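Bear in mind the structure is a predicted one, so any value in this text is a computation, not a measurement. Within every chain, numbering begins at 1; the chains are lettered A, B, ... in the order of the sequence lines, protein sequences first and strands thereafter.
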There are 2 protein chains.
Amino acid sequence: MSEELKYWYLRDHKLFWTLSMSQIKQLCIIVGYKKAKKGDIIYFSSSDVPRIFLLKKGNIKIVEIDEDGNETIKDIIQKGDLFGELTLENDKNSNEYAKALTDEVAICSFLMSDFENLMLQNPNLALTYTKFVGLKMKRIKNNYSNLMSKDAKTRLFTFIKEWAEKEGKKDGNKVTIENYLTQADIAQIIGTSRQTATQLLNEMEENQLIFYTRKEILIDDITKL
Amino acid sequence: MSEELKYWYLRDHKLFWTLSMSQIKQLCIIVGYKKAKKGDIIYFSSSDVPRIFLLKKGNIKIVEIDEDGNETIKDIIQKGDLFGELTLENDKNSNEYAKALTDEVAICSFLMSDFENLMLQNPNLALTYTKFVGLKMKRIKNNYSNLMSKDAKTRLFTFIKEWAEKEGKKDGNKVTIENYLTQADIAQIIGTSRQTATQLLNEMEENQLIFYTRKEILIDDITKL
DNA sequence: CCGCCATTGTAAACTAGCCGACAAATGTTG
DNA sequence: CAACATTTGTCGGCTAGTTTACAATGGCGG
């Protein structure tokens, strides 16, 4: 890949707007530029050197396996999102990995230490990054506090609404979402069993609120959710 | 309060170790130095100017009220913790306030904008703060993912263990925690009803694992939890 | 186009934990 | 100390949601 191209791969992310070309080069970008296909396991957080990753294309889920072998979805990462050791601390005893959800996935990465150095030289970057992490924290907090206090149906509605807002193609009150999640995935995200999720989705379909297929989800009228 | 004293109030927090006295003065510290008593409501996040707060003494809980009037505990803040708009973004539509849990509570605060300026001048501060926020995010993430997948008993055990580690006075395997929470508070934190929490605590007491009083919690052998 | 595997659909039995409703105990205040 | 408020204890009944188990469907590779 040409140097020029590498540059633009990062350059088009908001976070790096303030950086000069030479600064971006400092990040030794795209050493780990990687492609993957649906279902592939992409990376273990306990890898060699701490890195920060940037998803350029597709969608992935971050999954953790606990002692009992249960899979928990920690996060869904979309095109343009950063992931990895966002805390700037590497944490070895976490058991996380990423799994591709869409057919084509492209990821580039840079070293955490390079990024830290750059932050020391460019306080504006540090500020932007902090706000970035802060925003992510706020989103997580909100999500989870919904999960705690509401019942499964409300959680599903909230999730679909948020998903539609973030990624849906709007046409008046109709929204189309490209569906790269299985019902089992959705169930895990909203913290319920697969069966309950299926039931609720079908119930929504009966009430003409949504139309679910494996490829896409059609929402007839987003305001009714 | 003397300038000297103000200085030390911030100076003894890790985050500010790298700052010079004059830099700390820039923060116009302790404009909002405040004391409060148990049960007092201390601050609404939708206050005039965005601030960051530092709890110097006592314990408080951050609470949110939703549309239906339900109280949710968002966070428990301990001596030395920062709270407020840590994300560096002010967010007006959140309905949070803080409530004193201990008899004496002391808080000092500074303006977010002053802090931002200081970060721009002092990249090291920026880096430290970013790690700080990141760490907080990681803690929240872990807490919540426990809440999702485990049952009430496990959640209570995990909570007590963490509490003991963070604040307990250890004596071999015995740990004493100063108890500033009611059982209703604990129930909210672990996401269950007050009655269930009471039942589980009594069960633990029957099994000689803990001894609960309103003043303190004694753990006979922390390794057995 | 066939067979296979992942995904989705459905139903019955079971259960953790919620809710309502008090009673008892402990603290607090004048 | 008396009266009141807050916190803790306890008990059924109830229900949302889990679990188990299996059937139907759809999509992909050969």
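- Formation of a donor-acceptor pair under 3.5 Å by the N207(B) side chain with backbone atoms of M204(B) is not found in this model.
- Put simply, the side chain of T176(A) does not reach to within 4.5 Å of the side chain of I217(A), judged on heavy atoms.
- The pair K38(A)-E104(A) does not count as a salt bridge, with every side-chain nitrogen at least 4.0 angstrom from each carboxylate oxygen.
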Distances for protein N/O vs nucleotides 5-8 of chain C N/O pairs under 3.5 angstrom?
{"residue": "dT7(C)", "atom": "O2", "partner": "R214(A)", "partner atom": "NH2", "Å": "3.4"}
{"residue": "dT8(C)", "atom": "OP1", "partner": "Y212(A)", "partner atom": "OH", "Å": "3.0"}
{"residue": "dT8(C)", "atom": "OP2", "partner": "Q183(A)", "partner atom": "N", "Å": "2.7"}

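- If you check every strand for non-hydrogen atoms under 4.0 Å, Q195(A) touches a base.
- The distance from atom CD of Q199(A) to atom P of dT18(D) is 10 Å, rounded to the nearest whole Å.
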What pairs of nitrogen or oxygen atoms, one from the protein and one from nucleotides 12-17 of chain C, lie under 3.5 Å apart?
{"residue": "dG17(C)", "atom": "OP1", "partner": "A152(B)", "partner atom": "N", "Å": "2.7"}

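- Atom NZ of K215(B) is separated from atom P of dA25(C) by 19 Å (rounded to the nearest Å).
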Anything under 3.5 Å between a donor and an acceptor, one on a side chain of residues 76-84 of chain B, the other on a protein residue two or more places apart or in another chain? List them.
{"residue": "Q78(B)", "atom": "NE2", "partner": "E167(B)", "partner atom": "OE2", "Å": "2.9"}
{"residue": "D81(B)", "atom": "OD2", "partner": "Q78(B)", "partner atom": "N", "Å": "3.1"}

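- Between the side chain of D40(B) and the backbone N or O of I42(B) there is no donor-acceptor pair closer than 3.5 Å.
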Practice item. Please assess I210(B) against L201(B) for the test side-chain contact (heavy atoms from CB on, under 4.5 Å), listing each intermediate value before the final yes or no. Key: CA-CA 8 Å; I210(B) 65 162; L201(B) 282 167; 3.7 Å; yes
Check your understanding: Please walk me through it: do E64(A) and T72(A) pass side-chain hydrogen bond (donor to acceptor under 3.5 Å, both in side chains)?
Key -> CA-CA 5 Å; E64(A) 182 172 48; T72(A) 328; 5.3 Å; no
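- Salt-bridge annotation for D185(B) and K99(B): absent, with no side-chain N of the basic residue lying under 4.0 Å from a carboxylate O of the acidic one.
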